[in-house]
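Below, chains carry the letters A, B, ... as their sequence lines are ordered, and counting in each starts from 1.
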Amino acid sequence: MTVIPRSLPRLPRLLIGPAVLLLYLFPSVFPAPPCVAASPPAPLKIGVLAPLSGPYAAGGTSFVQAATLAVEQANAEGGVFGQRVTIVVGDTQGRVDVAKAEALRLVSREKVSALVGAYLSEETVGVMEVAAAHRTVLLVPVAATAEITDLVRREYARYRYVFRVGYSLPQWAEMVAAFLSNRKVRRYAFVGAGIRWNLELGETLERIVAPLGIAPVYSAYYSPGNPAFETVAVAAAAASPDIVILADPGRNSVSFLKRLRESAPALPALSIGGALGDARLASSVPLSAPVYVQAAAWRGVSPAATAYVERYEQRYGAPPVGYSDTLPYDAVTVLVAAWRKAGSAESAAVVSALERGAFSGVAGTYRFDAAHQANWGAGPGALHGTFVLWERGGARIVFPPP
Amino acid sequence: MGPSYSGNAAAPGSSSPLPDPVASPLPQVLLDGLFAGGTYALMAAGMALILGVVKVINLSHGAFFTLGAYVAYALAERGVESPIAAAPIAAVIAFAFGVFFGKSFVNPVRRHPFALPVGTLAIALLFEQAAQMVWGPHPLSIEAGAPWIGPGGLVIRRWGVIAFLSSAALLGGLKWVLSARPGLPLHLIAEDEEIAGSLGMDVEAIRYLTFGGACAMAAAAGALLSPSGAVTPTMGRAPLLLSLVVVIVAGMDSVAAIFLLSIGLGIFGNACAWLLSPQWSYVALLAAVCLLLSARPAGIVVLAGRRD
Amino acid sequence: MSTLLSAEGITKSFGATQVLSGIALSVAPGEPVGLFGPNGSGKTTLVNILSGLLLPDAGTVRFDGKEITRLPLDARYRLGIARTFQIPHPYPALSVREAVRVALAADAGKRKEGGGTREDEEGPTEDLLARTGLFNQRFVPCAQLSQGCLRRLEFARALACRPRLLILDEIFSALSAADEGDLMALLRAANRDEGTAFLLVSHNPPLLKSLCRRILVLKEGRIVRERPVG
Amino acid sequence: MRSAAPFSGGWPAAGIGLLLLFPLSSPDAFFLDVFTTGFLLAAFAASWDVVGGVSGQITLGHALPFGAAAYACALLTSFAGWPLPLAVAAAVLLAAAVGAGIGAISAPLDGPFVALLTLALGEIAHEAAVGNTFFSGPGGYAWGGEGGIPVTLPWRDASPFSSYYAALAFLCLGSFGMLRFSRSGAGLILRAVAGSPITAQASGVPIARFKRLAFTVGAAFAGAAGAGFVLHVGRATANDLSLELSFQAATFAAVGGRGTIVGPVVAALVLHLLFQGLSLPPSARVLLYALTLLVTLRFFPGGVVGTARDLASRLGGKEGARPPRRRGRKRPGEGTP
């Protein structure tokens, strides 16, 4: 870089040289705008948004793995209107600004026909704004915050493209309540990370089980920064509940369960989806008392579920955990079915197809209510998820009875 | 594997054998606090060595802790169950990495007290991402082994004892090394590099060997503690903060202060979780740190007074 | 006012060792006073207490009749008490000119709150640099100055606030003849022309005799003799 | 730091001109969004440099004023219903007050103790934000916690061009203001305090007051960046108070060059655009980011712009002897010896 001689007039001379150079460079960085597609019809793209780096990479990776499997399944069945379906992945890194930027990339540059994502609540609400602004269908498999469906209800015209495939917090509590009453539990302890999602789930569950004569004897929310597992485990054991409900889908659930088994070997535990659905983790926890895991679906719930689990295990070497992989799988399956039903990938048609249709997925048949929330819950005809019990050989479905 | 629960799906509320209720769980909470303090001390041992001799706040210490845990997991998968066997192997691997980074980065950038910690942060990022690529982001877990039951139903956690004893051993060893004959070079470099250099000591070599040694200590700690929780790429971040607190507040001058402060913080954290609420135990710890820092007279007057 | 600076009953101990026990001294306005004592007699500790760097265990320090025992170093500078350090700590990243401007800015802050602005400082800075013979090195980073120039910079910094009392801690030790000559001339000029009193700490009796009118002798933390110079 | 050598005067102007022309090459909305976030993070990195670079107080809690302003904007517009400009002004004032508070607590400390204290204060704020559900929104569910709080904006979907130019204008104004501050009398005194606190104090500088001033000014600019960020993203989340954000600002300053203000801005822009803009696969992105940090810090430990500036001043002739270019300098008066 030669030092620019000082005698020349300053600003214009300086500006022209590098400006021309970089402008010439930059356009070559982005692909030229796609010219008219003369070649065979370009594949239908689904944008998948999930955290693939940072603390939430575990959930995000199984999210993308399941979506890949679902697309391969759709292509095996001949694709959609004769076109192949592919996914384009955006790493949201667990941050709302990155999630919005990646959503923008998938929609404006990759020209995806629909979005599936994201993983955390704050990421998803950010992506909703992008989907609404660009009128792109967005299927939300995992984020459970009520804010998503509330926005659809209050501003239907803008947010009607958003559908939630996963269960909302009240539905989650409803399913857990059904399981507790089935197990004839009277007193339970509720423990989890001190985040809003857990606080709301705990309050909703307490409200729903009260009329059933079930009450929490201990509830504690530890801070993710310094989770004092031992103290919480000791306190939970001291309250001698019938069961400890562990509302932490992340890695802390394993650590906490180990502490609980050290403090109260005979105390049963229920993990609400996530890490403890992984066979490798469950095998490292003493089974001196039942370890129940709640999942969207499990091997044996339906022939489709069994086929999915076997294909997943054969493809990725370990069976799905039943939460951050099964729900995205169903989201992509529902989307492809909606495309086929609507006869086109155009958003308005797909929205009306999703609003009226019933779509079969691994966890059962999905129908969407006025707030575009899938029909999870304990009622008849609802998607009720599965509760399994870990045993030496593997997991056995215990509720609802097959 | 513990005794498998062969009972049928009887109502869990039925009278299953619970240990006789301890009068009040406070002694158990304090004992667990002791063990938690042991884990902070285990991490702090390596950090103190680096801060004292290499004079760098090593933010990659947590990543080497994670490396040790993954080595223990890999060995457990191949049949070497006990973490105590895994610790030395993890230490050797970490020592090699530590020496490499010590020689290629820490030494050349030593003159810049700000670029160094940021560089160690980049090393931590490197390790976390490499661990995620090799073992995947999913949490992994090693069989923890049943705890011992002490007097009055007191649960003595296996990994807690390991953490407490090995941290006492490591810190004791560090104290002996620094004060006795073989540790003289370390001590001199800690005091004044120029003098040590002028006495013909190869300061450069001692520096990166010490860095490697501290990384080995972190990896050994990671291996020893791996059964206590889940093994994930970002598991090293939480203990790093608390050990950093201990090392800087206790200072390098007394190894015993580091051990006692770690135990104190561990017990204080658990007591807060028990008396206040677990949600705010981390905030209570951090508030304690703020008070400790502002109470510690590290102002200008003291420094200048000593210098003249 | 008969005394500019007065100190009574100054005692200070570090841990077990009693460094100063019951020091009393006074400096009249414009009076050149010397402080002589072997190494370890507590000279530097006394200077640190008088300049506000250290708090005494007991005793009071007054300036212009007002008590300033607990007043910090920077406040005393703004009052007109400037000190130099035996071991200077130069700014690593600032030039000589900028170092002097810092002192002027803080001093200007005394007259009108809000710190000196750039323009009105240009004259005094150049003038001060010229008087202390640092004009040619004004853009040299302080860290690269010779020992002699560092002492001149100490002087410039102290003179920046047109002090009424200068506390000089071994300012002349280990200097070249030229530097020593210049600085002695500068000190005499400040004392004669601007009436600046000074307390010169030194272990060089001839130097003290030639500059001071009265010499205090400090031994084991006490003032043992006071010799007026004829 | 030596005042601007002729070499570095030209480059920022060229850079800004370039960024002004860039949108004319019609990039897609994603790239404009990445640039906009880049400008805001660059302003944040520069505000870190006011505290960590100019006044030499290494802070690891600089996300605190940033997040405080973000949350203030969100709470004031969504909960208290304030108009946006008023909320932003109040947010910046709050951030400055937070900075003054941190400055007051950390003034007596120095070195690693300041870093640790600010880190602890930042983590406390982050825990409070994650664990707290502030209030219930119109839908009856609670806002706050890790989900964050939305900001009620007067516009629905801002056009990428308007947010790009707004952020660029903010960056230019902010950096110009911070450069002016770092080269003002107060900036000079702060660099003196950073260099040798004892000599500064012996020159009559009330160092606690000036250290607090550095924190207040840095926090005010950080707050402005935080408010800008929350206007662009539309939501204040606990990540705005996270340790990663504080470390990111410190990293950009280390790579760019502490104390140069321009250095952290350039480093923030280049690193952010390279690693968010090129949409590399995640593991490759993180590995490349870490390796770039290691290599640049290994060969430019004083920071890229810092080293470039020193190199240029050595190249541009014997700087020592020539006074720097200064507009309208009076001839030095006849100093009477």
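Neither the backbone nor the side chain of A:S253 has a heavy atom closer than 4.5 Å to any heavy atom of chain B. Only the side chain of B:L285 comes within contact range of chain A, judged by heavy atoms closer than 4.5 Å. There is no contact between B:A146 and chain A, counting heavy-atom distances below 4.5 Å. For A:R186, no part sits under 4.5 Å from any heavy atom of chain B, backbone or side chain. Of the atoms belonging to A:L257, not a single heavy atom falls under 4.5 Å from chain B. Looking at A:A57, both its backbone and its side chain come within 4.5 Å of chain B, counting heavy atoms on both sides. A:R259 touches chain B through backbone and side chain together, each having a heavy atom under 4.5 Å away.
Ranking A:N252, A:V321, A:V232, A:V234 against chain B, the residue ahead of the rest is A:V234, based on heavy-atom pairs under 4.5 Å. Between chain A and the residues B:S228, B:G269, B:G33, B:A144, the most heavy-atom pairs under 4.5 angstrom are made by B:S228. Chosen from A:V254, A:T231, A:D278, the residue pairing most often with chain B at heavy-atom distances under 4.5 Å is A:T231.
To the nearest 0.5 Å, the span separating CD1 on B:I142 from CG on A:L281 amounts to 11.5 Å. The distance from atom NE2 of B:H138 to atom OH of A:Y316, rounded to the nearest 0.5 Å, is 10.0 Å.
Annotation for A:S263 and B:V155: closest pair CA-CG2, 4.2 Å, computed over non-hydrogen atoms. Minimum interatomic distance between A:Y218 and B:P278 (heavy atoms only, all atoms of both residues): OH-CG, 4.4 Å. In this structure, A:R251 and B:P139 approach most closely via the heavy-atom pair CB-CB, 3.9 Å. When all heavy atoms of B:T234 and A:P55 are compared, the pair lying nearest together is OG1-CA, 4.3 Å. The shortest non-hydrogen separation linking B:S141 to A:K258 is OG-NZ, 2.8 Å. Nearest heavy-atom pair, B:G229 versus A:S255, reported as atom, atom and distance to 0.1 Å: CA-OG, 3.5 Å.
Under the side-chain contact (heavy atoms from CB on, under 4.5 Å) criterion, B:S277 pairs with B:Q279, B:W280, sequence neighbours left out. Annotation: ring pair (Phe, Tyr, Trp, His ring centres under 6.0 Å) contacts of B:F64 (sequence neighbours excluded): B:F127.
Formation of a donor-acceptor pair under 3.5 Å by the B:Q132 side chain with backbone atoms of A:L52 is found in this model.
By the 6.0 Å contact criterion, OH on A:Y56 is open, its count of non-hydrogen atoms from other residues, nucleotides or ligands being 12 or less.
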